[in-house]
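Accompanying notes for the structure given below.
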Amino acid sequence: MYGKIKIMTAHLVAMVVLSVGLAVNVWAVDGVIEINQARALAGGVTPGDDPGFPVTISQPGSYRLTGNLTTGAANTHGINIIVENVTIDLNGFAISGPTICVGVPLVCNPPHFGNGISGQVSHVSVFNGFVRGMSYGVALGSNGLVQKIHATSNSSAGIITGAGSIVKYNTSDHNGNGIHGEGIIVNNSVMSNSNIGINARGTIAGNSVDWNHNIGIYANSSLVIGNSVSNNASYGIYIVGGGYGDNVLFHNNNDGSQVVGGVKIGTNVCNGTVCP
């Protein structure tokens with residue numbers, strides 16, 4: 001009898017351990033916290049996260065979307081990060097709000113005051129997915145990273161970051177502004193935004209900036225190197241302090257002055273010939 005009880009107890013312990021393990025795996029895979037629409041509506045993703053939007057992230061760590069997030073309301077964030085040292089992998093999914101930007105120049109309706117991902121703290125990384133229909137698609141503080149994000153139809157800007165950030169390999173189109181940042185802005189595609197394509201301080205290199213309805217690149221105390229800048233309604237490159245070189249410009253400002261300000265530090269080509 002004692003042996004049977006001992007075996008039953010062992011089985012019970014094993015079942016409890018298994019059930020606890022399964023419960024944890026619902027919320028995390030290899031230490032990564034999963035977020036989807038159902039979890040957002042239920043709340044409790046991290047301590048202090050109320051049901052519904054925004055999803056509040058109050059603990060450092062890694063997070064991953066396992067489905068699309070749709071905020072529904074016009075004035076709320078999708079994800080709000082209130083702690084440093086957070087990584088969010090959108091995992092190919094989208095964070096979407098109700099705003100749609102259409103026309104030339106763009107008109108965005110309904111007006112929106114919530115961001116797709118809002119994290120006005122340092123050391124936040126966001127990558128690999130879509131953000132659309134918000135005010136700012138991705139809005140981060142200092143020393144952030146935004147990579148492989150497609151930001152579109154956001155009424156204020158697709159991507160905005162603070163000092164020391166890296167913004168690379170993103171697409172930002174049909175927003176109020178394309179990318180606004182301080183740090184390194186490299187290898188992005190920025191097009192058809194209703195105001196400025198890239199408005200940045202730092203290093204702006206290897207970007208494709210086309211068909212924006214104001215200035216292509218507005219740079220403040222920056223190096224502007226190796227960009228392709230074409231068919232922007234105003235100047236291709238406008239520099240307030242800094243240098244530019246190895247850029248290719250085509251049909252900006254109705255073929256008027258395509259570059260204003262700055263110091264030449266390399267050869268730039270305007271409409272197939274060396275820029276004056």
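Everything numeric here is computed off the predicted structure, so don't read it as measured data.
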Answer with yes or no whether the hydrophobic clustering places [X] together with [Y]; edges join I, L, V, M, F, W, Y residues whose side-chain heavy atoms lie under 4.5 Å apart.
X      : Y      : answer
Val209 : Val269 : no
Phe53  : Val45  : yes
Val126 : Val83  : yes
Ile88  : Ile35  : yes
Tyr63  : Val55  : yes

Exercise. Are Ile166 and Asn143 close enough, and set up right, to give a side chain to side chain contact (heavy atoms under 4.5 Å, CB included), and what steps lead you there?
Worked result: CA-CA 7 Å; Ile166 299 173; Asn143 299 300; over 6 Å; no

Please report the closest heavy-atom contact between [X] and [Y], naming both atoms and the distance.
X      : Y      : value
Leu69  : Gln37  : CA-OE1, 3.2 Å
Asn175 : Ala157 : CB-C, 4.1 Å
Ser165 : Ser142 : OG-C, 3.9 Å
Pro110 : Pro98  : CD-O, 3.5 Å
His213 : Ser194 : CB-O, 3.4 Å
Asn220 : Arg201 : O-CG, 3.0 Å

Problem set entry | Worked check of side-chain hydrogen bond (donor to acceptor under 3.5 Å, both in side chains) between Asn252 and Gln258 | CA-CA 6 Å; Asn252 299 288; Gln258 299 203 65; 2.9 Å; yes

Exercise. Should the ring pair His150 and Phe130 be called parallel, tilted or perpendicular, given that the plane angle runs from 0 to 90° and is split at 30 and 60?
Worked result: tilted

[atom2] on [Y] to [atom1] on [X], rounded to 0.5 Å:
X      : Y      : atom1 : atom2 : result
Ser156 : Met134 : OG    : CE    : 11.0 Å
Leu106 : Ser192 : CG    : OG    : 7.5 Å
Tyr218 : Ile237 : OH    : CD1   : 14.0 Å
Ile95  : His77  : CD1   : NE2   : 12.0 Å
Asn207 : Ile179 : CG    : CD1   : 6.5 Å
Gln147 : Asn170 : CD    : CG    : 7.5 Å

For this session: Assess whether atom CD1 of Ile82 is packed by more than 12 heavy atoms of other residues, nucleotides or ligands within 6.0 Å.
Result: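 Atom CD1 in Ile82 is crowded, with more than 12 foreign heavy atoms closer than 6.0 Å.
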
Exercise. Counting only heavy atoms not in Tyr244, do more than 12 sit closer than 6.0 Å to its OH atom?
Worked result: yes

Exercise. Testing Val131, Asn115, Leu90 for side chain to side chain contact (heavy atoms under 4.5 Å, CB included) with Val138, which one passes?
Worked result: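 When side chain to side chain contact (heavy atoms under 4.5 Å, CB included) is applied between Val138 and each of Val131, Asn115, Leu90, only Val131 qualifies.
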
Problem set entry | Test applied, side chain to side chain contact (heavy atoms under 4.5 Å, CB included); reference residue, Trp211; option that passes from Asn231, Asp173, Asn193, Val190 |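 Result: among Asn231, Asp173, Asn193, Val190, Asn231 is the only option passing the side chain to side chain contact (heavy atoms under 4.5 Å, CB included) with Trp211.
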
Do the side chains of [Y] and [X] get nearer than 4.5 Å, heavy atoms only?
X      : Y      : result
Tyr235 : Ser257 : yes
Thr71  : Ser96  : no
Ile204 : Ile198 : yes
Ile265 : Ile225 : yes
Leu145 : Lys168 : yes
Leu140 : Ile160 : no
Val121 : Ile81  : yes
Ile33  : Arg39  : yes

Exercise. Can Ser234 and Asn253 be said to form a side-chain hydrogen bond (donor to acceptor under 3.5 Å, both in side chains), step by step?
Worked result: CA-CA 4 Å; Ser234 186; Asn253 195 28; 4.7 Å; no

Problem set entry | Evaluation steps, side chain to side chain contact (heavy atoms under 4.5 Å, CB included), between Ile217 and Val229 | CA-CA 8 Å; Ile217 297 175; Val229 187; 3.9 Å; yes

For this session: Scan Asn188, Asn247, Asn268 and name whichever one has a side chain to side chain donor-acceptor pair (under 3.5 Å) with Asn227.
Result: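 So, applying the side chain to side chain donor-acceptor pair (under 3.5 Å) to Asn227 and each of Asn188, Asn247, Asn268, only Asn247 qualifies.
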
For this session: In sequence, state the C-alpha distance, the side-chain angles, and the governing distance for Glu84 and Ser122, and then conclude on side-chain hydrogen bond (donor to acceptor under 3.5 Å, both in side chains).
Result: CA-CA 5 Å; Glu84 297 182 350; Ser122 65; 2.8 Å; yes

Exercise. Thr56 and Asp50: side chain to side chain contact (heavy atoms under 4.5 Å, CB included), yes or no, with the steps?
Worked result: CA-CA 8 Å; Thr56 299; Asp50 295 329; over 6 Å; no

Spell out, as yes or no, whether a donor-acceptor pair under 3.5 Å connects the side chain of [X] to the backbone of [Y].
X      : Y      : result
Asn232 : Asn212 : yes
Ser153 : Cys101 : yes
Asp49  : Pro47  : no

Problem set entry | side-chain hydrogen bond (donor to acceptor under 3.5 Å, both in side chains) against Ser208, all qualifying residues, sequence neighbours excluded | Asp210

For this session: Please determine, by modelled atom types, if Asn128 and Asn91 share a side-chain donor-acceptor pair under 3.5 angstrom.
Result: no

For this session: Before giving the answer on side-chain hydrogen bond (donor to acceptor under 3.5 Å, both in side chains), spell out for Thr87 and Ser62 the whole-Å C-alpha distance, their side-chain angles and the decisive distance to 0.1 Å.
Result: CA-CA 5 Å; Thr87 296; Ser62 296; 4.7 Å; no

For this session: Report the C-alpha separation of Val224 and Ile239 in whole Å, then their side-chain angles, then the decisive distance to 0.1 Å, and conclude whether the side chain to side chain contact (heavy atoms under 4.5 Å, CB included) test is met.
Result: CA-CA 8 Å; Val224 183; Ile239 304 180; 4.0 Å; yes

